[in-house]
Amino acid sequence: MMTCREIIALLQEQSPERFACEWDNVGLLVGDFAQEVSKIYIALDATEEGIDEAIAEKADLLLTHHPLIFKGLKRINTEDFTGRRVLKLVENHISCYAMHTNFDVKGMAELAAASMGLSECAILDVTCQGEAGFEGIGRVGMLPAEITLEQCITQVKQAFAVDTVKVFGDLKQLVRKAAICPGSGKSVISSALCAGADVLITGDIDHHEGIDAAAQGLAIVDAGHYGVEKLFIPYMVQYLRERTEGIEIVGQPVKQPFCYI
C-alpha cells in the first residue's frame with residue numbers, strides 16, 4: 001500500500017504537472033494526499049459511468065486523462081453534474097487525479113507517433129521549455145514509406161483500433177511526412193502546414209478547418225478524440241504496475257462515448 005502523495009510522485013516522474021498548459025487544470029482535483037491507496041482505477045474521463053465503475057472496483061484513486069473539474073466551481077451540490085460527481089467521489093473515499101496536457105506533452109505524443117511508426121520525429125507545437133530543451137504537444141515525422149492517403153487511413157485504423165475515421169483530402173494523394181496530435185487538433189493545423197506535413201492525424205476537426213486544410217495540401221485523418229487518446233489507459237496501467245507493489249491497477253474497458261446511427 002502507498003499513499004496518494006507517493007503515487008502522485010510516480011505520476012510526476014512520467015508527466016510533471018509543470019508541463020501542463022496554463023489554461024489546464026491538472027493534479028489532485030479531489031481527495032487527500034495522505035490517503036492510503038491499495039487500488040487504482042484508470043479511465044480517460046471522470047464520467048458518471050467511470051466513477052460508478054471505480055466505486056464498484058472499490059478503488060481508492062481514480063486516475064484520468066481529462067480533468068473532472070475544468071472551470072471554476074462556485075458551489076458543490078447535487079444540482080450540478082460536476083458537483084454530483086465530486087460528492088460521489090468524496091462519499092466513497094475516492095481521490096481523483098488528472099494528468100491532461102502534461103501527459104500530452106510527456107507521453108501521449110510519443111506513444112501516438114510510435115503507434116504509426118514515425119521516424120525523425122520533431123515537436124509539432126512547442127508549448128514549454130524543460131530541462132532538456134523545448135517540449136510540446138504532437139509530433140511530426142516520417143512514415144516508414146510513401147503511401148497513398150487511403151493506405152494511411154488503413155494504418156491509422158489498425159494502429160488505434162478504430163472502425164471509422166473522417167477524412168479530408170484526396171484518397172489517392174501520396175503522403176510521407178505525417179503530423180500527429182491526439183485529442184483535438186484544430187489548433188495545430190497551421191503548425192502541421194508550417195512543418196510541411198502531408199497528413200495530420202488527430203481528432204475533433206470541424207468542416208471548415210478540414211476543407212481549408214485540404215485546400216492547402218494538408219490531408220486530415222480524424223480518428224476521434226477518444227479514438228487516439230484511449231491509449232492513455234493501457235499505457236498508465238503498465239506504467240504503474242511496473243512501479244508499484246501491493247497495489248491493484250485496473251484499466252477501464254474501451255468504450256466509445258458515442259455511436260454513429
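Quick caveat: nothing in here was measured; it's all calculated off a predicted structure.
- Cluster annotation: Ile205 and Ile201 are assigned to distinct hydrophobic clusters (Ile/Leu/Val/Met/Phe/Trp/Tyr, side-chain heavy-atom contacts under 4.5 Å, transitive).
- Asp80 contributes a side-chain N or O that, together with a main-chain N or O of Thr82, makes up a donor-acceptor pair within less than 3.5 Å.
- Side-chain contact annotation: Glu36 with Thr3, donor-acceptor N/O pair under 3.5 Å absent.
- Atom OG of Ser95 sits about 10.5 Å away from atom CG of Leu29, to the nearest 0.5 Å.
- No hydrogens or angles considered: nothing links the side chains of Gln35 and His93 as a donor-acceptor pair under 3.5 Å.
- Ile220 has its side chain out of reach of Val199: every pair of non-hydrogen atoms, C-beta onward, lies at least 4.5 Å apart.
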Notebook entry, point to check: Please walk me through it: do Leu149 and Val221 pass side chain to side chain contact (heavy atoms under 4.5 Å, CB included)?
Noted result: CA-CA 9 Å; Leu149 177 58; Val221 179; 3.9 Å; yes

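- Contact of the Tyr226 side chain with the Val254 side chain is registered, since non-hydrogen atoms from C-beta on lie closer than 4.5 Å.
- Here the CG-NZ distance, from Leu200 to Lys177, works out to 13.0 Å after rounding to the nearest 0.5 Å.
- Aromatic ring pairs are classed by plane angle as parallel below 30°, tilted from 30° to 60° and perpendicular above 60°; the pair Tyr239 and Tyr235 is parallel.
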Checklist line | salt bridge (Lys or Arg N to Asp or Glu O under 4.0 Å) assessment of Lys88 paired with Glu48 | finding: CA-CA 9 Å; Lys88 183 176 285 191; Glu48 198 81 27; 2.8 Å; yes

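- Taken together through direct or relayed side-chain contacts under 4.5 Å among Ile, Leu, Val, Met, Phe, Trp and Tyr, Phe19 and Phe103 form parts of separate hydrophobic clusters.
- Of the N and O atoms on the side chains of Glu242 and Gln238, at least one donor lies less than 3.5 Å from an acceptor on the other residue.
- Using a 4.5 Å cut-off between side-chain heavy atoms of Ile, Leu, Val, Met, Phe, Trp and Tyr, with links allowed through other members, Leu61 and Leu68 fall into different hydrophobic clusters.
- Side-chain polar atoms of Glu135 and Gln129 form no donor-acceptor pair below 3.5 angstrom.
- Side-chain atoms of Gln12 come within 3.5 Å of backbone N or O of Glu17 as a donor-acceptor pair.
- Using a 4.5 Å cut-off between side-chain heavy atoms of Ile, Leu, Val, Met, Phe, Trp and Tyr, with links allowed through other members, Ile189 and Ile123 fall into different hydrophobic clusters.
- With hydrogens and angles disregarded, a donor-acceptor distance shorter than 3.5 Å links the side chain of Asp32 to the backbone of Ala34.
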Notebook entry, point to check: Does the side chain to side chain contact (heavy atoms under 4.5 Å, CB included) test come out yes or no for Thr148 and Lys172, once each step is laid out?
Noted result: CA-CA 5 Å; Thr148 65; Lys172 296 180 180 179; 5.6 Å; no

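- In this structure, Ile247 and Ile40 have side chains that are in contact, with non-hydrogen atoms separated by less than 4.5 Å.
- Between Ile249 and Arg241, the closest side-chain pair of non-hydrogen atoms falls below 4.5 Å.
- The existence of a salt bridge linking Lys39 and Glu248 is confirmed by a sub-4.0 Å separation between a basic side-chain nitrogen and an acidic carboxylate oxygen.
- Arg139 and Val105 make their closest contact through NH2-O, 3.8 Å (heavy atoms, listed as atom of the first residue, atom of the second, distance).
- Considering every non-hydrogen atom in both Ser191 and Asp125, the closest pair reads OG-OD1, 4.1 Å.
- Atom CE of residue Met142 and atom CG of residue Asp198 lie 7.5 Å apart, to the nearest 0.5 angstrom.
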Check: Ile69 and Val86: side chain to side chain contact (heavy atoms under 4.5 Å, CB included), yes or no, with the steps?
Finding: CA-CA 9 Å; Ile69 302 171; Val86 171; 4.1 Å; yes

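- Using modelled atom types, one side-chain atom of Gln216 and one backbone atom of Asp212 make a donor-acceptor pair closer than 3.5 Å.
- Within the 4.5 Å cutoff, the side chain of Met236 has heavy atoms near those of the Met99 side chain.
- Using a 4.5 Å cut-off on side-chain heavy atoms (C-beta onward), Phe232 and Lys230 make no contact.
- Between Gln173 and Ala219, the shortest heavy-atom distance links the atoms OE1-CB, 3.8 Å.
- To the nearest 0.5 Å, atoms CD (Glu6) and CZ (Arg243) are separated by 16.0 Å.
- Under the 4.5 Å side-chain criterion, counting only non-hydrogen atoms from C-beta, Tyr97 is in contact with Ile8.
- In this pair, His100 and His66 present their aromatic rings perpendicular. The plane angle is above 60°, beyond the 30 to 60° band.
- Taking CD of Gln158 as the reference point, atom CE of Met116 lies at 9.5 Å (rounded to 0.5 Å).
- Cluster membership check: Ile137 does not share its hydrophobic cluster with Leu118, using side-chain heavy-atom separations under 4.5 Å among Ile, Leu, Val, Met, Phe, Trp and Tyr.
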Item checked: Worked verdict on Leu89 versus Leu62 for side chain to side chain contact (heavy atoms under 4.5 Å, CB included) -> CA-CA 9 Å; Leu89 287 167; Leu62 172 60; 4.3 Å; yes

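- When every heavy atom of Ala223 is checked against every heavy atom of Val162, the shortest pair comes out as O-CG1, 4.0 Å.
- In this structure, Cys152 and Leu143 approach most closely via the heavy-atom pair SG-CD1, 4.4 Å.
- Rounded to the nearest 0.5 Å, atoms CD1 (Ile42) and CG (Leu240) are 5.0 Å apart.
- Residues Gln252 and Ala43 approach most closely at OE1-CB, 3.4 Å, considering heavy atoms.
- Within the 4.5 Å cutoff, the side chain of Thr202 has no heavy atoms near those of the Ile180 side chain.
- Under 3.5 Å, the side chains of Asp60 and Ser38 contain a donor-acceptor pair of N or O atoms.
- Remark: the backbone N or O of Lys106 is paired with a side-chain donor or acceptor of Ser15 at under 3.5 angstrom.
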